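Model, not experiment: these values are computed from the prediction. Every chain is numbered from 1, with letters handed out A, B, ... down the list of sequences.
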Amino acid sequence: MKDNLYNYILGIADNSLILGQRLGELCGHGPTLETDIACTNISLDLFGQVRSYFQYAAKIAGDNRSEDDIAMLRKEREYKNVLLVEQPNTNFAYTIGRQFLFDVYHLAFLAELQKSTDLTLSAIANKCIKEVSYHERFSSDWVKRLGDGTEESNQKMQKAINDLWTYTDELFHQTEADKVIVAEGAGVDVTKLKVNYYKRVNEILQLANLEIPESKYFQKGGKEGIHTEHLGYLLSELQYMQRAYPNMEW
Amino acid sequence: MKDNLYNYILGIADNSLILGQRLGELCGHGPTLETDIACTNISLDLFGQVRSYFQYAAKIAGDNRSEDDIAMLRKEREYKNVLLVEQPNTNFAYTIGRQFLFDVYHLAFLAELQKSTDLTLSAIANKCIKEVSYHERFSSDWVKRLGDGTEESNQKMQKAINDLWTYTDELFHQTEADKVIVAEGAGVDVTKLKVNYYKRVNEILQLANLEIPESKYFQKGGKEGIHTEHLGYLLSELQYMQRAYPNMEW
Amino acid sequence: MSEEQIRSLERQFDERIARDEKIEPKDWMPEKYRKTHIRQMSQHAHSEIVGMLPEGNWITRAPSLRRKVALLAKVQDEAGHGLYLYSATETLGISRDEMYEQLHTGKAKYSSIFNYPTVTWADMGAVGWLVDGAAIINQVPLCNTSYGPYARAMIRVCKEESFHQRQGFEIMMKLANGSPEQKELAQDALNRWWWPSLMMLGPTDAESVHTEQSMKWKLKRKSNDDLRQQFIDQTVPQAELIGLTIPDPDLKWNEERGSYDFGDINWDEFWQVVKGHGPCNKERMKARIGAWEEGEWIRDAAMAHAEKKQERKQKQAV
Amino acid sequence: MSEEQIRSLERQFDERIARDEKIEPKDWMPEKYRKTHIRQMSQHAHSEIVGMLPEGNWITRAPSLRRKVALLAKVQDEAGHGLYLYSATETLGISRDEMYEQLHTGKAKYSSIFNYPTVTWADMGAVGWLVDGAAIINQVPLCNTSYGPYARAMIRVCKEESFHQRQGFEIMMKLANGSPEQKELAQDALNRWWWPSLMMLGPTDAESVHTEQSMKWKLKRKSNDDLRQQFIDQTVPQAELIGLTIPDPDLKWNEERGSYDFGDINWDEFWQVVKGHGPCNKERMKARIGAWEEGEWIRDAAMAHAEKKQERKQKQAV
């Protein structure tokens, strides 16, 4: 039971962890000062969420492991984030596309998680949902701006959406741990979020003068710890200090 | 004494280690199949040299540390390579420029190291010099090709040389360990290589229709372990497996 | 040439092949023979080049210097194979640039196995052991194929591939005999690479096209299913030897056939990857096209320099 | 305006400043006042923006989630400071784009300290403690400077900077009280950042230009050497408190002066860095110019979208 809840929480938090890390890479390199600040802000929110989740997970594990152990001392096959969030910052259109495709899901997910019978999870969801609704507004505004802006920006945004689309379906897959926790009433049945997700995403894409990708082929694996080749490099940075200087306080 | 010799060897080998690692990043991504093979070949040679040096260093240390411990388990401040070799593969002109500016030095250095009173070092030098003279021919040929080629390639090669020039002077600095080993007759007095180095480099640059940079400002610090911000990222990849899976055999 | 004459040439050509004579670049050959060989040989060359990427992914992170050197050498060998396979294909009247063009536009294929990601270090073992293992089984018969340049290239390739395969197996063995964590890495890699490796031997005979003609030209000497069986029968004992479990609950020795029975292959996945929708198809093409495009100014420079050098020489001569 | 009139305006202007009144954007001001303020304020804004880079370098590698969050927040604050300093400077009739242009072409300067690399995690402590510490000493007097928008911006900046400085000191304290390895990291960072931090307070008074005029306008209220002494006197006891050694063998308490005596500063290094030849000058500019150039299509898109939106609104209104 505890194992399932622990894994369930990691499944949620790893998305925020890896996406936060990707956004952190950009800090100081944003295309404008305002977007730099906004992306850093989202990263900050996400890491704040990660800490809440992992502190709770550490309590459940009950064996002295810390939030940092959970965040930084797992192996590549133990991270449960979806493939979408680990995709690189190829350019700003990819950063925004990734954010948008995740935010729409994230917002719907948290709205459901608020109803969790697990009071800690529902409290975290309740705190996070305000932040994430801001994220979603920010990213969908930018999708519209880039989609509607110039021919160049439209093409770049379209290419990013086309490439990232293949990672959207995984958001609605359930792991074994998910199923158990959903059955207990503490988890969110993500399969039920799918229809509204694509409805909302398509709505924004249309407003942004972007075409809705038609591909019916999707990639998955992240939730089972089988990641794209991008993740390993991200982890080597994320983990560097904890690995090189083990068992210290910072 | 032993400490000085150990540090002296690391000072030589770290250059090959870090440059080999940089070239390794390119493997499979070279601009042509032929240059891909050639760069990988140089990387292979350099790592082969690293192994000879570190195996010797491990023997000197005499405390069970292995070549891999020396290569992969030091902290960022303990790597003694010159700043030149850690510079990134910004584009092929930088890769070639870095290689060329190092090879000319490396070849002259090994010619002297062959005369070392330390028989292991002189044997290693004797083995390596054939490889490095091939490297030097390869990189100076490409400097000429790019410098003499098109206007675009000339500009790119010139920019790379201009940017990398600032790291050349450090090649001729001596650390405390260097001075001791030189005094003992086992080391190479690099200060004496400087005049011929710039003569040779300038000769090639002229043949390549490139201007000799005029800047008299140089960067140093690598030999004392104060590196550019590029090195940390390189190390986080280089060390990843040894850090994540300590004390194992591979 | 009259149809009569052509038919006569074809007959002679077929007889030469039947007599195990090699066809050489300057010999007359049917257009279909030429085209089929260009397709297969260039696909083979592309596979070598694209195949550098999944393994190249772990060069900077290899766990020891010894392994790093071996991996670099292996990937370099693949580049070498690519190089002489491209050269061999060029003897059929197509340039390397044209072949790249076909690769980059998706007209030419490469082995689908390279569209799977290398997720952990153990994949360097699994790729060597299984992927090179399956490749050898595909390729050994080609050492006797009818087209001379291809046959000669394959002799060289096969020699190196079997070295690579042993190297991969040795990585797996070391992991399997290592710490529990390492053993888990090895088992996990086997779990992920087993089925795609079986798929490497190609679709089932029922679904396979070109086979009959290819048999005649000795481009193919056994059916896909036979090759697959051979691969399985050879690999299962190797897994047992190092204490790893093949991830197939239906796998069992069939005394009567003297072979292993095995479970159903997920052909949907196979076709998805072949059609360009595998985990890394886009990444692989992005990497290849990226290298090609970034290389343009370099190739231009090399060409311009060569021309200028030539001119200077001629001027001096005058 | 006649020269007479101008002189009269200047007199009134000087008197207002002497009375500690604030000069506001719409007030008349001497051209030199405007120009000097644009130079100093934009330089200050640029320093915030370039200053994001050395700390941004450790965000992905911060050793704990808590530290990562704090570091992200700190770098974000710097972006915020940049933002309102640019806005304050814009009140003097220069656009942000023009200021960027000046930065990217090297016409405008930024604080030289940011041309040193952040080599280890401990540098996050040293930068906060020493660099922000020295910055505060430079900046606190500016909270009372004569130009209103600048003074108000500085009040906000200083509040956050002193929070950052405490945060940096806390990182150092934790390291200094940590394992021997951590303590070594801290001492090493102090060794590398001490002298550049002293240089941050500017050249010695003998070499300093603009000082007199700046004093009058309250752009400067103490001499560089006085500020430097203040920084040293404040910082040495902090280093002692956490058991770190200031890397200056000549440093000692001077009972008579009630201050620390200290060793010679390497002004050659200072001028080399100011002139653009520090360890990271090129890297910093490459990063800033890179972000600007890569941002072009995005800024264009945002502008085009805003215009289209406006048009659509107008059409609807018709």
Chain B contact via C:Glu181 - side chain, backbone, both or neither, heavy atoms under 4.5 Å: side chain

Selection from C:Asn177, C:Ile59, C:Thr60 maximising heavy-atom pairs under 4.5 Å formed with chain B: C:Thr60

Pairing of B:Asp68 and C:Arg67 as salt bridge, 4.0 angstrom limit: no

Interface residue of largest heavy-atom contact number with chain B, from C:Val75, C:Asp77, C:Leu83, C:Asp300, under 4.5 Å: C:Leu83

Region of C:Ser179 in contact with chain B, defined by heavy-atom distances below 4.5 Å: side chain

Value rounded to 0.5 Å, distance of NZ in C:Lys308 from CG in B:Asp148: 4.5 Å

N-O pairing of C:Arg61 and B:Glu25 below 4.0 Å: no

Within 45° cone of C:Trp297 ring axis and under 6.0 Å: B:Lys156 NZ or CZ: yes

Pair C:Ile298-B:Glu152, side-chain contact (heavy atoms from CB on, under 4.5 Å): steps then yes or no: CA-CA 9 Å; C:Ile298 301 153; B:Glu152 183 186 5; over 6 Å; no

Heavy-atom contact with chain B under 4.5 Å, split by part of C:Ala306: neither

Largest heavy-atom contact set with chain B, pairs under 4.5 Å, which of C:Gly295, C:Gly56, C:Ala304, C:Ala301: C:Ala301

Spatial distance of atom CG (B:Leu23) from atom CG (C:Leu72) [nearest 0.5 Å]: 9.5 Å

Max heavy-atom pair count under 4.5 Å with chain B, selected residue of C:Leu53, C:Leu71, C:Val50: C:Leu53

Nearest-0.5 Å distance, CD of residue B:Glu34 to CZ of residue C:Arg299: 11.0 Å

Flag, side chain of B:Gln242 to backbone of C:Pro63, donor-acceptor distance under 3.5 Å: yes

Nearest-0.5 Å distance that lies between atom OG in C:Ser64 and atom CE in B:Met248: 13.5 Å

Atom pair CE (C:Met52) and SG (B:Cys27), whose distance is rounded to the nearest 0.5 Å: 4.5 Å

Side-chain (C:Lys174) to main-chain (B:Glu249) donor-acceptor, under 3.5 angstrom: no

Proximal component of C:Arg96, with respect to chain B [non-hydrogen, under 4.5 Å]: side chain

Options B:Tyr245, B:Phe54, B:Tyr240, ranked by heavy-atom pairs under 4.5 Å with chain C, top entry: B:Tyr245

Any donor-acceptor pair under 3.5 Å from C:Lys68 side chain to B:Phe47 backbone: no

Structural part of C:Leu185 lying under 4.5 Å from a heavy atom of chain B: side chain

Approximate separation, where rounding is to 0.5 Å, of B:Leu33 CG and C:Glu48 CD: 10.5 Å

